[in-house]
Amino acid sequence: MSFGKGCHLHLIDGSAFIFRAYHALPPLTRKSDGLPIGAVSGFCNMLQRYVEGNNGSDAPTHVAVIFDKGSHTFRNDLYPEYKANREAMPEDLRPQIPLTRRATEAFNIACKEVEGYEADDIIGTLSVQARKAGGRVTIISSDKDLMQLVGGGVEMLDAMKNRLIDVEGVEEKFGVGPDRVVDVQALAGDSVDNVPGAPGIGIKTAALLINEYGDLDTLLARAEEIKQPKRRQTLIDHADQIRLSRQLVQLDCDTPLDFGLDDLEVRDPDPDVLLGFLAEMEFRTLTKRIAEAMDAEPPEIDDTPQDAPEADAPEMPEIDASTYEHVQDMDALEIWLKRIRAQGYVAVDTETTSLNEMQAELVGVSLATQPGQACYIPLGHKGEGEGDLFGSAALAEGQMPLEDALAALKPVLEDASILKIGQNMKYDAKVLARYGIEVSPFDDTMLISYALHAGLHGHGMDALSERYLNHTPIPIKSLLGTGKSAVTFDRVPVADAVKYAAEDADITLRLWTVLKPQLHRAQVTRVYETLERPLVPVLAHMERNGIKVDRDVLSRMSGAFAQKMAQLEEEIHELAGRKFNVGSPKQLGEILFDEMSLEGGKRGKTGAYATGADVLEDLATEYELPARVLDWRQISKLKSTYTDALQDHIDPDTGRVHTSYQQAGANTGRLASSDPNLQNIPVRSEEGRRIREAFVAPEGRVLVSLDYSQIELRILAHVAGINALKQAFKDGQDIHAMTASEMFNVPIDEMTPEIRRQAKAINFGVIYGISGFGLARNLRIPRGEAQGFIDRYFERFPGIRTYMDDTVAFGKKHGFVETLFGRKIHTPEIGASGPRAGFAKRAAINAPIQGTAADVIRRAMIRMPDAIAGLPCKMLLQVHDELLFEVDEGAVDDVIKAARDAMESAAEPVVKLSVPLTVDAGQGANWAKAH
DNA sequence: CCTGTCACG
DNA sequence: GACGTACGTGACAGGG
């Protein structure tokens, strides 16, 4: 049937369908291979419901689903920022887009797209054509941009609200008729699409003005007549911007189409094709329903999980350092940038003078676009020779000016449509940030590996290259040397640097091609996307912030400790009857167990006596010397590790200490802190806690500490489903006292500190995968007694035992355990024999609890920049369950409120915990007071 | 470089 | 019955 009078065309906005389907459904995956198919499932359901609804007298004669194609349209040429604030498409949605095209075709509905045009333009063009031919059109979309098409037989159906929008509906929404919608939009702008419009003017004002002056051109021509001075000035000042906005929102109803309306005639689907597709997607319910509706036999669905191949080992050329290019001028660099723009992704690596990002100077940048296709751009290599008096030497030959190279690289590194791939991108991003470049968006092969394989192996580049590429990278030591004679990278000859640096980028790119596709199959895309990648810029900021440390406080403490140690040493030597090195466990062991013949000397595997704190504590009840050694050790530790070492970590430029967080360091999802480690600053002993007085806020500011109260026990109560514990947390009870009361039948108000202490130890023991031996040692009670406690505990809270057994069984079956947020922690040794299995089992029991807590605080940290936006405060440190902020004095209450809220709600909406999370807050001039 | 020890959650 | 055992980290000193 040729399209004409009496015909009715339905135009479905495909992208709107896809996004609605994606957001409405949980992240479903195909059972056999883990392919994400949630959006496809929703899309098919929506199409099916649509088809089912088309049985009335008003059924369409023609129909098409219209999609966007290509991210670059004529609107981007007009205005590069058009839709520039759009968030990147979620990673697990991307592979589903082609499947929605196939779904449309399976339903035998025309599926149309045109390169370089938005779906809206095609919809506009077809609507105009259909109108001219005398037919009617229904646009199925809720996109307000399409409202300009309504009228003259064209109407919109908002499928979400099931509401028909005609001319009156448009007037209700925009205050003007469809023909003036673009004028109103041009004035009001659109924050979603980043259409600027006129600042300060919204839809209401815009409609008022258009209705008064007739249309936009008249309004702009007569802008001088507007009475309100501010509004008048806005329109005069922004006339060009408003005209540009109109071009952006105006649909192009002359899109070149290679098909006609007649091609869109409604066709019945072929049952074999449609059911075949649905079965391939493994949609059981939908396949059955549609088969019934079509009166056909539903096909068999085979969704037995396929063993995924070990790696997608794509064919790659051998790694060959002689093929790497040395880029030394702008012409050569431009060729690379063009290649990157055409491709849409690039692996990047930076070479610098230091591993410390705060001080590192950029020496060069390497790029890789394809396996084997990589280059190095040297920028700061020094020439031969020692240089002048100040140690600086002239730059080596074959380098382009640093500023020129960075100016050329910046647009690419910041381009929202080009993915930058790095290994440990936090490092490169921090270095580049110091040169004014904000790298975005990015992927990080280290974090991809971590999300995939935490617990299986390390995630450094060398380890990954060995494992996945069967290649040993050029060791950096071969260029820099070791020890005292080591040089910095700027002293490496350019020719050697090209091979090393370009290889790093090449390897990174190869790792990405191997590892990235595995995220979906392992079903950890959400972990990577929501817990790993967005944390990188947050940590980078915290590290750059640093915390102020008062050198004088530390220095005074060091002096006092030195005196005390000398005094103790003298006493110890006196007690021993001779001088020896108190700091040598070997010498101490000989003194104690050979010369003084004390009881309890046990030799370790090296043949030396054990002299750990537990051993010395036992001896200290009877003897003076071990007690003094314990005192000495405590002071010695505080001095060497903290009061001395911290001073060396004060950055000369900022006067602050900048730790470095390892995001892929701890198997459970916790962070690790190093250089210096600020996650183990003393707090348990009174003397140690005073070290925290050296961590201070500058004048006019205070430190604010917020920490989760008992987060791991709360998570245990949730995952093991222990109602008594849950209730106690809901009621805000003292959880250890309550445990003690339950276990030992002591009323809460008769609780003694000793009984409570024992219950507390058991509570913690459970989190660690309790054993009679471990608890006995911790509580210093006989093993049998400890075992009795544990038995009673399990009797009282049987859910704990079930949780432990189930978790170990899960680990044995799958080789990993999971947090509530889907993070996987691998447990390869759980099936081993001997003591190793014991270790692995306890680690498996602990990992989901510790890991879930780690995920929760990660989520809080990721949301924190938004939560505290606009408040005069900085997030400085994370200590597993604590976040430390530096805040302007006047804003403390606001910050505590905002940050506490973000932390307490951090699990939501993904996980709804059956226990509340609560956060304690403190503040003060230093960390000791704030904690 | 490895081991023992000890600081933190 | 013996084996060994609480979970997760990082830094420092001694000693080969």
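Lettering follows sequence order; numbering is per chain, from 1. Being a predicted model, the structure only gives us computed values, none of them experimental.
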ask   = Around atom CD of E599(A), are there more than 12 heavy atoms of other residues, nucleotides or ligands at under 6.0 Å?
value = no

Practice problem: Look at S584(A) and dG15(C) and indicate whether a side-chain polar atom (N or O) is within less than 4.0 Å of OP1 or OP2. | Solution: yes

Q.
Mind checking if F839(A) touches a base, just sugar-phosphate, or nothing, with heavy atoms under 4.0 Å?
A. sugar-phosphate

Do you see a donor-acceptor pair shorter than 3.5 Å between the side chains of T918(A) and E904(A)? no

- Evaluate side-chain hydrogen bond (donor to acceptor under 3.5 Å, both in side chains) for T819(A) paired with T852(A), printing each intermediate quantity in order. CA-CA 5 Å; T819(A) 68; T852(A) 298; 4.5 Å; no

- prompt: Looking for any heavy atom pair under 4.0 Å, which part of the strands does S771(A) touch: base, sugar-phosphate only, or nothing?
  reply: base

Check the orientation of F764(A) and H736(A). Use parallel for under 30°, tilted for 30 to 60°, and perpendicular for over 60°. tilted

Taken to the nearest whole Å, CD1/I691(A) to P/dC12(C) is 13 Å

Considering only heavy side-chain atoms of Q850(A), the closest of dG15(C), dA6(C), dG8(C) is dG8(C)

Can you find a side-chain donor-acceptor pair between D675(A) and S660(A) that sits under 3.5 Å? no

### Message
With a sphere of 6.0 Å drawn around CD of E570(A), does it hold more than 12 non-hydrogen atoms of other residues, nucleotides or ligands?
### Response
no

Hey, does R689(A) reach any base, or is it just sugar-phosphate, or nothing, if we go heavy atoms under 4.0 Å? nothing

Check your understanding: Counting any heavy atom closer than 4.0 Å, what does N778(A) reach on the DNA or RNA strands: base, sugar-phosphate only, or nothing?
Key -> base

With a non-hydrogen cut-off below 4.0 angstrom, is Q634(A) in contact with a base, only sugar-phosphate, or nothing? sugar-phosphate

Open item on the list: If I pick the P atom on dC6(B) and the same atom on dA6(C), what distance separates them, to the nearest angstrom?
Closed with: 15 Å

- prompt: Side chains of S705(A) and E882(A): do they bring a donor and an acceptor to under 3.5 Å?
  reply: yes

Note to self: Counting the atoms with a prime plus P, OP1 and OP2 as sugar-phosphate, which does A761(A) contact under 4.0 Å by heavy atoms, base, sugar-phosphate, or nothing?
What the structure shows: base

So, does R670(A) get its side chain near the phosphate of dG8(C), meaning an N or O under 4.0 Å from OP1 or OP2? no

Rounded to whole Å, CZ of R836(A) lies from C1' of dG4(C) at a distance of 13 Å

At under 4.0 Å between heavy atoms, what does G838(A) touch on the DNA or RNA strands: base, sugar-phosphate, or nothing?
nothing

Whole-Å distance, I857(A) CD1 to dG8(C) C1', equals 15 Å

| What distance, rounded to whole Å, do you find between the two P atoms, one in dT5(C) and one in dT3(B)? | 14 Å

Ranking dC12(C), dT9(C), dG14(C) by distance to the side chain of A645(A), first place goes to dC12(C)

Between E569(A) and W632(A), do the side chains contain an N or O donor and an N or O acceptor separated by less than 3.5 Å?
yes

Footprint ends on DNA chain B, 5' to 3', for atoms under 4.0 angstrom from a heavy atom of chain A, come out as dT3(B) to dG9(B)

Are E543(A) and T659(A) linked by a side-chain donor-acceptor pair shorter than 3.5 Å? no

With the side chain defined as heavy atoms from C-beta on, S640(A) is closest, among dC12(C), dT9(C), dA11(C), to dC12(C)

W632(A) CH2 to dC12(C) C1', in whole Å, measures 11 Å

Dot-bracket assigned to DNA chain C with the 3.5 Å Watson-Crick/G-U criterion, [ ] for crossing and | for other-strand pairs, is ......|||||||||.

Quiz item: Cut-off 3.5 Å, side chains only: do Y528(A) and D444(A) have a donor facing an acceptor?
Solution: no

Q. What is the nucleic acid contact for A610(A), judged by heavy atoms within less than 4.0 Å: base, sugar-phosphate only, or nothing?
A. sugar-phosphate

Which is true for R684(A) with a 4.0 Å heavy-atom rule: it touches a base, it touches only sugar-phosphate, or it touches nothing?
-> base

When rounded to whole Å, the CD to P distance for the pair Q662(A) and dA11(C) reads 8 Å

Tell me whether the OP1 or OP2 atom of dC7(C) has a side-chain N or O from R842(A) closer than 4.0 Å. yes

### Message
What's Q587(A) touching, base or sugar-phosphate or nothing? Going by heavy atoms closer than 4.0 Å.
### Response
sugar-phosphate

Which of dG10(C), dG15(C), dA6(C) is nearest the side chain of N680(A)? It is dG10(C)

Should the pair Y609(A) and F593(A) be assigned to parallel (<30°), tilted (30 to 60°) or perpendicular (>60°) ring geometry? tilted

Rounded to whole Å, CD1 of I681(A) lies from C1' of dT9(C) at a distance of 14 Å

So G612(A), base contact, sugar-phosphate only, or nothing? Heavy-atom distance under 4.0 Å.
sugar-phosphate

task = List the steps and the verdict of side-chain hydrogen bond (donor to acceptor under 3.5 Å, both in side chains) for R633(A) and T611(A).
result = CA-CA 11 Å; R633(A) 278 200 183 155; T611(A) 65; 2.9 Å; yes

Is S636(A) touching bases, backbone alone, or none of the nucleic acid, heavy atoms closer than 4.0 Å?
nothing

Rounded to whole Å, the CG-P distance (D675(A) to dT9(C)) equals 17 Å

Rounded to whole Å, NZ of K637(A) lies from P of dA11(C) at a distance of 10 Å

